[in-house]
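Heads up, the thing below is written out as structure tokens.
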Amino acid sequence: MAEPKGNDLMERIVSLCKRKGFVFQSSEIYGGINGFWDYGPLGAELKRNVKDYWWRSMTQRRDDVAGLDATIIMHPKIWEASGHTTTFADPMVDCLLTQKRFRADQIDPQSGVAYHFTGAGEGAPAPADPSKTCDEPYAVLMLPGKSLQLVRKTAWTFYRQRGLIDPRLLGERTETVENSTRFNPENGSLLTEPRLFNLMFKTYVGPVESAENVAYLRPETAQAIFAQFKNVAEVARQKVPFGICQIGKAFRNEINPRNFTFRSREFEQMELEFFIRPDEVIEALYGSVARPEAGGHPGRPQANWGWQMWHKYWVEERLAFYEAIGLPRASLVEYWQKPEELAHYARATVDILYKFPFSKRNDAGELTGEELEGVAARGDFDLSQHQRFSGKAMTVFDEELKAAWPKLDDAKKAALSGRYLEARRQYLVKMNEPPQSADKLAARDAAGLASGFYVPHVIEPSAGVDRLALALICNAYCEDEAPDEKGKLEKRIVMRFHPRVAPLKVAIFPLLKNRPELVQKALEIRDLLRPLMTVFYDDTGAIGRRYRRQDEAGTPFGVTVDFDTLGEKGDELKNTVTLRERDTMKQSRVRIEELPALLLERIR
RNA sequence: GCGAGCGUAGCUCAGCCUGGUAGAGCAUCACGUUGCCAACGUGAGUGUCGAGGGUUCGAAUCCCUUCGCUCGCUCCA
């Protein structure tokens with residue numbers, strides 16, 4: 001089986017997506033719109049299957065997770081509390097010489113002498129157009145160890161890029177600068193004025209476009225879960241540990257959408273926030289905290305699990321999920337973020353990567369993979385932020401804790417209380433709470449703990465639906481060879497979707513369409529199966545062609561009605577059909593009345 | 001956002017350099033044929049050559065602008 005490699009392969013996958021109706025470019029008839037994609041008939045079914053399976057396995061098949069479906073536009077304060085309003089709006093600057101882009105707040109401050117120029121004119125020799133000038137002011141900082149000659153050379157290059165053949169520098173003057181971030185530390189060139197990059201989509205609530213009506217399309221679904229935490233906790237009659245999950249659209253003004261649907265500006269997320277007791281509480285209740293020892297799945301949740309155990313549990317659960325919909329373990333990478341890569345609120349994050357055809361290769365030549373999901377241990381950061389910004393308590397009352405606390409000896413009480421207080425204090429200080437008030441608030445939190453109140457910690461598995469759909473498409477795509485009717489090998493394109501996510505589950509064919517008895521029987525079978533699964537009926541062209549068509553759509557099963565079905569060879573074969581399997585192309589004879597149960601078994 | 005490349009039928013692509021009424025293969029549809037893996041016959045349809053502007057008697061072809069795609073940089077909290 002010859003597997004095509006690299007972007008060549010990706011191009012063929014993209015082409016198939018369009019040809020068969022998995023993915024279309026959004027607004028294509030108007031020339032498309034960058035970063036937005038539509039799903040055609042097959043893609044829509046695929047995505048629906050992915051979401052349905054996630055929802056079923058996350059909430060319906062568990063008793064400790066409840067669902068939520070929140071709005072896309074929420075109170076703007078949510079994004080202040082979450083940090084998105086500030087972190088999603090980075091000021092950016094470009095080098096005027098090399099066009100290289102920097103984040104303005106990450107430039108090393110430079111000191112020294114800056115040389116300013118008011119412009120340049122065309123100099124000797126033999127200017128093509130002597131009247132040509134450039135009025136654009138420019139400046140270069142003389143970097144340590146560099147010469148004035150080099151500074152002028154830099155300016156010369158700059159004006160040359162502006163269209164002068166042999167620039168003559170005009171209006172040179174010097175300026176002493178201290179700790180300036182206006183120059184490129186690499187070459188001394190002046191940078192552009194900082195421009196704000198807001199990665200959130202902005203809109204207005206109400207018809208008036210005024211500053212107080214500004215709102216944002218959510219850049220992630222998670223914050224709605226935190227904002228509704230108290231409501232859901234109450235009505236779902238759940239106690240920590242429990243989770244709230246949600247599927248929904250999110251929007252990010254990506255600077256540069258890339259790689260087909262992988263990085264889109266409008267996308268869908270499947271997120272779970274799983275709330276757990278802080279480790280101090282576990283220790284108060286059980287004397288110690290269970291932590292992961294061996295690798296692999298830690299098994300059924302236990303009451304004495306600390307955050308590390310829960311984190312490990314969800315990583316393994318999520319990996320099992322991907323395997324259950326047909327992504328082989330070997331195509332996935334479990335990447336533990338290094339301490340320096342962690343977001344400031346995260347204690348640990350595991351990225352689950354899929355090796356896409358467009359993924360980069362490492363030194364060993366292996367595909368490195370792209371993120372499908374991040375499983376983050378976020379501590380109590382999010383709920384704490386919303387507690388501070390909204391002024392509403394995000395604590396839960398834990399009866400067991402209240403009962404257990406008085407039974408602890410004083411040393412234990414002091415140790416747990418002290419640890420909790422210090423963690424709370426550190427968080428508050430980091431969030432720029434003045435030291436005095438941080439001490440006071442942390443002491444109050446520690447007192448709350450002793451009477452059974454605390455802000456739950458959270459484990460967040462957050463997955464991208466569109467990325468997963470793309471991974472499933474890439475994983476399913478396969479070019480192999482199959483014999484034609486003369487036994488000659490021909491290229492066959494097969495989408496080997498797991499039957500669970502395959503857009504169409506079964507195709508029904510009358511062997512010939514000009515025999516009304518065959519057609520009628522086939523339509524009966526279609527009607528028999530249609531209430532149970534997605535069914536595709538096709539009576540055009542030769543039977544082999546129809547099989548191949550369904551191979552490209554990824555339909556796992558084909559059912560063919562022939563003359564034996566009608567009883568031509570006697571009662572033994574009457575009301576039996578050919579069941580053809582996509583991957584093996586093997587055929588078997590099956591009784592019609594057994595079809596529903598047989599197929600349902602295989603597509604669950 | 002910057003740099004490079006690309007954009008012609010549903011898909012893959014030729015034609016562009018050197019301007020002169022737009023092509024191939026596959027796919028699609030109809031009819032006939034067809035007894036299980038892309039068979040065959042006959043017929044049909046499809047493009048404002050990504051869009052806009054310019055040069056020209058005449059532009060898919062040359063020039064400019066713009067949009068989209070790919071790659072690199074940047075970004076990915």
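Not measured: the values here are computed from a predicted model. A, B, ... follow the sequence lines: proteins, then strands. Residue 1 opens every chain.
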Any side-chain N or O of A:Arg19 under 4.0 Å from OP1/OP2 of B:rU12?
no
Once you round to the nearest 0.5 Å, how far does CZ of A:Phe22 lie from CD1 of A:Ile13?
11.0 Å
Whole-Å gap separating C1' (B:rC67) and CZ (A:Phe36)
15 Å
What nucleotide among B:rA77, B:rC29, B:rC75 has an atom nearest to a side-chain atom of A:Arg252?
B:rA77
Only one of A:Arg496, A:Lys586, A:Arg602 forms a salt bridge (Lys or Arg N to Asp or Glu O under 4.0 Å) with A:Glu581, so which one is it?
A:Arg602
To the nearest angstrom, the CG-P distance between A:Leu9 and B:rU12 comes to 14 Å
Base, sugar-phosphate alone, or nothing: which one does A:Lys513 contact when heavy atoms must sit under 4.0 Å apart?
base
Using a heavy-atom cut-off of 4.0 Å across all strands, would you classify A:Arg546 as base, sugar-phosphate, or nothing?
nothing
Taking any heavy-atom pair under 4.0 Å as a contact, classify A:Gly21: base, sugar-phosphate, or nothing.
nothing
Write down the partner of B:rC13 under the Watson-Crick or G-U wobble criteria, each distance required to be under 3.5 Å.
B:rG23
To the side chain of A:Glu568, which of B:rG35, B:rC29, B:rC36 is closest?
B:rG35
Between CZ of A:Phe201 and CD of A:Glu266, what distance do you get to the nearest 0.5 Å?
8.0 Å
Exercise: do A:Thr540 and A:Asp538 side chains pair donor with acceptor under 3.5 Å:
yes
Specify the separation, in whole Å, of atom CD of A:Gln337 and atom P of B:rA77.
8 Å
To the nearest Å, give me how far apart CG (A:Leu199) and P (B:rG1) are.
13 Å
Under 4.0 Å between any heavy atoms, over every strand shown, what does A:Asp551 touch: base, sugar-phosphate, or nothing? Just pick one.
nothing
Would you mind pulling out the nucleotide paired to B:rU46, Watson-Crick or G-U wobble, both distances under 3.5 Å?
none
So A:Leu512, base contact, sugar-phosphate only, or nothing? Heavy-atom distance under 4.0 Å.
base
Take atom CD of A:Gln269 and atom P of B:rA77, then tell me their distance rounded to the nearest Å.
12 Å
Looking across every strand, which nucleic acid part, if any, lies under 4.0 Å from A:Glu220 by heavy atom: base, sugar-phosphate, or nothing?
base
Tell me if the side-chain of A:Thr578 makes a donor-acceptor pair with the base of B:rC36, cut-off 3.5 Å, by modelled atom types.
yes
Options B:rC11, B:rC76, B:rA30, nucleotide nearest the side-chain atoms of A:Arg263
B:rC76
Whole angstrom value for the distance that separates C1' of B:rU34 from CG of A:Asp539:
13 Å
A:Tyr322 ring center near A:Tyr354 ring center (under 6.0 Å):
no
Under 4.0 Å, heavy atoms only, any strand: does A:Gln25 hit a base, just the sugar-phosphate, or nothing?
sugar-phosphate
Side chain of A:Asn259 - closest among B:rC71, B:rC36, B:rA77
B:rC71
Option passing side chain to side chain contact (heavy atoms under 4.5 Å, CB included) with A:Arg252 (candidates A:Arg265, A:Arg263, A:Glu220)
A:Glu220
Does A:Thr560 reach a base, just sugar-phosphate, or nothing at all? Heavy atoms under 4.0 Å.
base
Take atom P in B:rU66 and the same atom in B:rC11, then report the distance between them in whole Å.
27 Å
Taking donor-acceptor contacts at under 3.5 Å, does the side chain of A:Arg545 reach the base of B:rA38?
no
Looking across every strand, which nucleic acid part, if any, lies under 4.0 Å from A:Asn34 by heavy atom: base, sugar-phosphate, or nothing?
sugar-phosphate
Would you indicate what A:Gln550 reaches in the nucleic acid, counting non-hydrogen atoms under 4.0 angstrom: base, sugar-phosphate, or nothing?
nothing
Base, sugar-phosphate, or nothing: which does A:Phe260 touch, judged by heavy atoms less than 4.0 Å apart?
sugar-phosphate
If I take atom CG in residue A:Asn514 and atom P in nucleotide B:rC40, what distance separates them, rounded to the nearest angstrom?
18 Å
In whole angstroms, the gap separating P of B:rU33 from CG of A:Leu518 amounts to 14 Å
Any strand: nucleotide that pairs with B:rG7 via Watson-Crick or wobble, under 3.5 Å:
B:rC67
Just verifying a value: how many Å separate A:Phe356 CZ and A:Asn475 CG, rounded to the nearest 0.5 Å?
10.0 Å
